[in-house]
Amino acid sequence: MSTTPVVRFTETTKRFGELTALDRLTLDVHEGEIVGLLGPNGAGKTTTLRTLLGLMQPTSGHARIMGVDAWREPVEAHRHLAYIPGDVTVWPELTGGQILDLLGATSGGYDEAYREELTERFNFDPRKKGRSYSKGNRQKVAIIAALMTRAPFLAMDEPTSGLDPLMEATFQDCLREAKARGQTILLSSHILSEVEAVCDRVAVLRQGVLVEHGTLADLRHLHATTVEATYSGQPPRLDDVAGVEDVVIANGSIRLQVQGSTDPLLKALATAEVHTLSMREPTLEELFHAYYDESTELPAGAGA
Amino acid sequence: MTIPTTTTTRPTDPPGAAASTGDGRTDRTPPSPVRVWLRLYRHHLRLLRGAAIAWITGLTVVSVGVVATYEDRYATPEELALFAEMEGIPAFEAMLGRFVQLTTVEGATLSRWGMFSILAAVWGMLAGARLLRRAEERGHLELLRAGVVGPRGLTLSAIAALFTTHLCFAVAVGVSHTAAGMDTATSWALGGAAALLTATFALGGALASQLVASYRRAVGLVGSVMGVLLGLRLLAAASVTPEWVWWTTPFGWVGYLHPSDEAWATVFAAFSVLVLLLLLVVVALSQRDLTAGWLGGATDEPSRSPRPVRGHTDLATRLTAAGARTWGAIIGIVTLAFGLLSRDFSEAVADLPTMVEMGNQLGWYDIDTPEGIVAFTFALVALLLAVFAAGQAAAIREEEASWRIEHLLVRPLGRVRWLVTRIATAAIAVVLLALLGAAMVSIGSAVVGSPIAVVDALVAAVNIIPVAWLSLGIGIAVLGLAPRLTAPLTYGLVLAAYLLDFVGGLLELPEWALELSPFRQLAAVPAQSIEPLPLLVMIGVGVVAAAIGTTVFRRRDLQEA
């Protein structure tokens, strides 16, 4: 693995007047990784990508692609990437095929056979004029245009918005194939199943601040595990067990949350006659809600 | 828990908003369609407001300028009598429309509306097509049509908003001309007729928007019809043509405005056409799907083997050519017509010293010679080219505002290279359009045996190129510095510069003020010799402005609409 990360944000901040859209983001994406950028609407995902791509200038800090600052040297930085915008607009008078020709030519080349294959897999009709494409079809133009270049780095901003579930599945297959070929992907999304299915790591943005990042396993470990058990006889004593909270005991069943190691809990449960026991890590959706709940304070030092 | 049953609404709730019942449910009582219709009407009016104010102000100021300077211009009975001799001369009427009672301030002012009415028609056409087709093309109408007001109500609310701007136009013309000293009845008749003509072409734009499936095609369709109607006016002016031919074109009706003439007939004809167009709009609307046009306008028909787009230069060429084709047609028709009329017109003017004198005051030198007529023609083409160039700057901004530019700028293509390519193709298009004008005026002149050398026409064309390049350069500077103002500011500056030159002469403004207009700097080639210095200054300023705009564009964030 190369020592230079494919993407490096260093204290990247972007302000629009009084509004801080991105607040001291520091994040690396390494070669061959798929990193999911999660966040609700207005969290700063699109600003993050546009700043990375040099379409917007960081107010402070840096954003680099393979060591190149895309704001200062856009042409050099863009040699290594392809991009799928979230809200695709196309030239109304050009056909889909002409748009793919254009984007392929300006990319400095593309795999023609792969373009044909993608056109077929995404069931895309390139003969129609841009103005007649639905949102999903416009999205397909951008997806095919990006993937057909086989660029080492793919930046994607909610790439599947407007796609039907079959096409979403096709898209996820393409991402896996890209990863297998060694391509690096930064995927902004709020479709949790998509992120869960394809991403190696997740970065969670809220109000422009990176509130958490790591593998899904890391994130789950940072959060409480849900434990459910049934028992007979006397209930186990759980008052002083480390990490245990939200205990509900009723009618021979126990439900609780445990933070950190489960060893003290298991020892406490062993004192009772336990019949069934299940432990479930939080789903990404539960993590998502935990991070995005507006009533929750941003973690101290987040974004720093 | 007791569930409250009282329905509460706040006084500030918008019409159409569902009332809260206080328990999280909403009262789905349908809002009053009338109130929703009124909101849609206000929405459309807001969309039209900016352009309407600019057009109304521009046209009214120019026309009032004619009234205000009338007495000074024709101070003696001899001057007035000479001016009045223009009446009935086919060459004049072909270009300017029917003349009636030129010895009065009313007649003199109405004679100018032969030209002004073309501008009013362009405004009407663009506003109608923009409100009804471009909004649909961009998906805005889909949202509105999902409401409680049906497609017909929605379209009628847009048309009502269009008519409101035309009513304001009528009032502005009526009040301003009365205040400037024109007869009250004629002032209001003029206001009414100008508004009716604008409304006619606005409904033309609305009708074309029902027939074809794109804004560009709608404008092209109405523009073509407008060309035919102007052609009919040319025909009507021919001495062998019967009088009724004037009535076949709205551009002919304006000539019948004088109260002592047949103003009532103009109003009747205009109203009849308006009602007919309105009916056609409603019928066509009910016969088509959303986003489609009535004339087989299915927008998703596959294209047969389109030519590949080979890169950003190819794209820039295509996008520029799309706009240049329409302008090429306009410039081609105008220059051909003036070429055909150059001999008759100059011979007619030769007998009218007042006209020659007036031409000299306006910077139209030697219009009693074919060379002078060609120079006058290219003064007009200079305005058209400058507007085209401003339109190119606006089109470049549109690429950014729509974020289509994003597709290209995330590829190994620098912003400067992309922008310079767009500027270069627009600059080349300006040259080609000017040369087209030279070719057409030469052809027209050759057909009627007018002694215009091809070289003279070419030099006249070259003479006006710098003013268009200056317009383009300033447009690029605005694109860099204040992108959201690119279209209004660039078009506004071009119009202001032209008005300063055109009306400034009539208003006898000080020479230094007139000299501020780039149009004033153009020598009347080929009647006069070309003057390189002002042209080089214009090119220099244009290049510097474009360089500033490009540099700032490179250093700023992309900005959406």
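Owing to the predicted nature of the structure, the values given are computational and were not obtained by experimental measurement.
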Check the pair A:Arg150 / A:Gln183 against side chain to side chain donor-acceptor pair (under 3.5 Å), numbers first and verdict last. CA-CA 8 Å; A:Arg150 297 192 186 276; A:Gln183 289 170 279; 5.4 Å; no
Chain A contact via B:Gln559 - which portion, at a heavy-atom distance below 4.5 Å: neither
Please identify, among A:Leu55, A:Ile84, A:Asp101, the residue contributing the most non-hydrogen atom pairs under 4.5 Å to chain B. A:Leu55
Measuring from B:Thr425:OG1 to B:Arg422:CZ, what's the distance to the nearest 0.5 Å? 5.5 Å
Okay, A:Lys14 and chain B: the region with an atom under 4.5 Å from a heavy atom over there is side chain
Within this structure, what is the CG-CZ distance for the pair A:Leu52 and A:Arg64, rounded to the nearest 0.5 Å? 11.5 Å
B:Ala394: side chain to side chain contact (heavy atoms under 4.5 Å, CB included) partners, not counting sequence neighbours: B:Ala487, B:Tyr491
Take A:Arg121 and A:Glu116 through the salt bridge (charged side-chain N to carboxylate O under 4.0 Å, His left out) test and state the conclusion after the steps. CA-CA 9 Å; A:Arg121 285 171 72 178; A:Glu116 293 306 314; over 6 Å; no
Give, as side chain, backbone, both or neither, the part of A:Leu94 having an atom under 4.5 angstrom from any heavy atom of chain B. side chain
Leading residue by heavy atom contact count with chain B [cutoff under 4.5 Å; candidates A:Glu73, A:Arg79, A:Arg50]: A:Arg50
Is it true that the side chains of A:Ser107 and B:Arg411 contain a donor and an acceptor less than 3.5 Å apart? yes
Sorted by number, residues from residues 316-327 of chain B in contact with chain A (heavy atoms, under 4.5 Å): B:Arg318, B:Leu319
Max heavy-atom pair count under 4.5 Å with chain B, selected residue of A:Leu100, A:Ile99, A:Val90: A:Val90
Between A:Trp91 and A:Gln98: side-chain donor-acceptor atoms closer than 3.5 Å: no
Counting heavy-atom pairs under 4.5 angstrom with chain B, the leader among A:Val75, A:Thr106, A:Leu81 is A:Thr106
Can you name the side chain to side chain contact (heavy atoms under 4.5 Å, CB included) partners of A:Ser188, sequence neighbours left out? A:Leu37, A:Lys45, A:Leu49, A:Asp157, A:Glu158
A cation-pi test, strictly: NZ or CZ of B:Arg134 under 6.0 Å from the centre of the six-membered ring of B:Tyr215 and no more than 45 degrees from its axis. Yes or no? yes
Under 4.5 Å from any heavy atom of chain B, what part of A:Ala145 do you find: side chain, backbone, both or neither? both
Which answer fits A:Glu93, side chain, backbone, both or neither, if we ask what part of it has an atom under 4.5 Å from a heavy atom of chain B? side chain
Under 4.5 Å from any heavy atom of chain B, what part of A:Pro92 do you find: side chain, backbone, both or neither? side chain
Measure A:Arg72 against the heavy atoms of chain B and call it side chain, backbone, both or neither at under 4.5 Å. backbone
At a heavy-atom separation under 4.5 Å, does B:Arg417 approach chain A through its side chain, its backbone, both, or neither? neither
Under 3.5 Å, which donor-acceptor pairs link side chains of residues 546-553 of chain B to any protein atom two or more places apart or in another chain?
from, atom 1, to, atom 2, distance (Å)
B:Thr550, OG1, B:Ala546, O, 2.7
B:Thr551, OG1, B:Ala547, O, 2.7

Interatomic spacing from CZ in A:Phe9 to CG in A:Leu210 - rounded to 0.5 Å: 10.0 Å
Quiz question: by atom type and distance under 3.5 Å, do the side chains of A:Thr160 and A:Glu194 form a donor-acceptor pair? yes
Do A:Arg115 and A:Phe122 meet the cation-pi criteria used here (NZ or CZ under 6.0 Å from the six-membered ring centre, within 45° of the axis)? no
At a heavy-atom distance under 4.5 Å, which candidate from B:Leu413, B:Leu315, B:Asp314 has the highest pair count against chain A? B:Leu315
For B:Arg404, is it the side chain, the backbone, both, or neither that has a heavy atom closer than 4.5 Å to a heavy atom of chain A? both
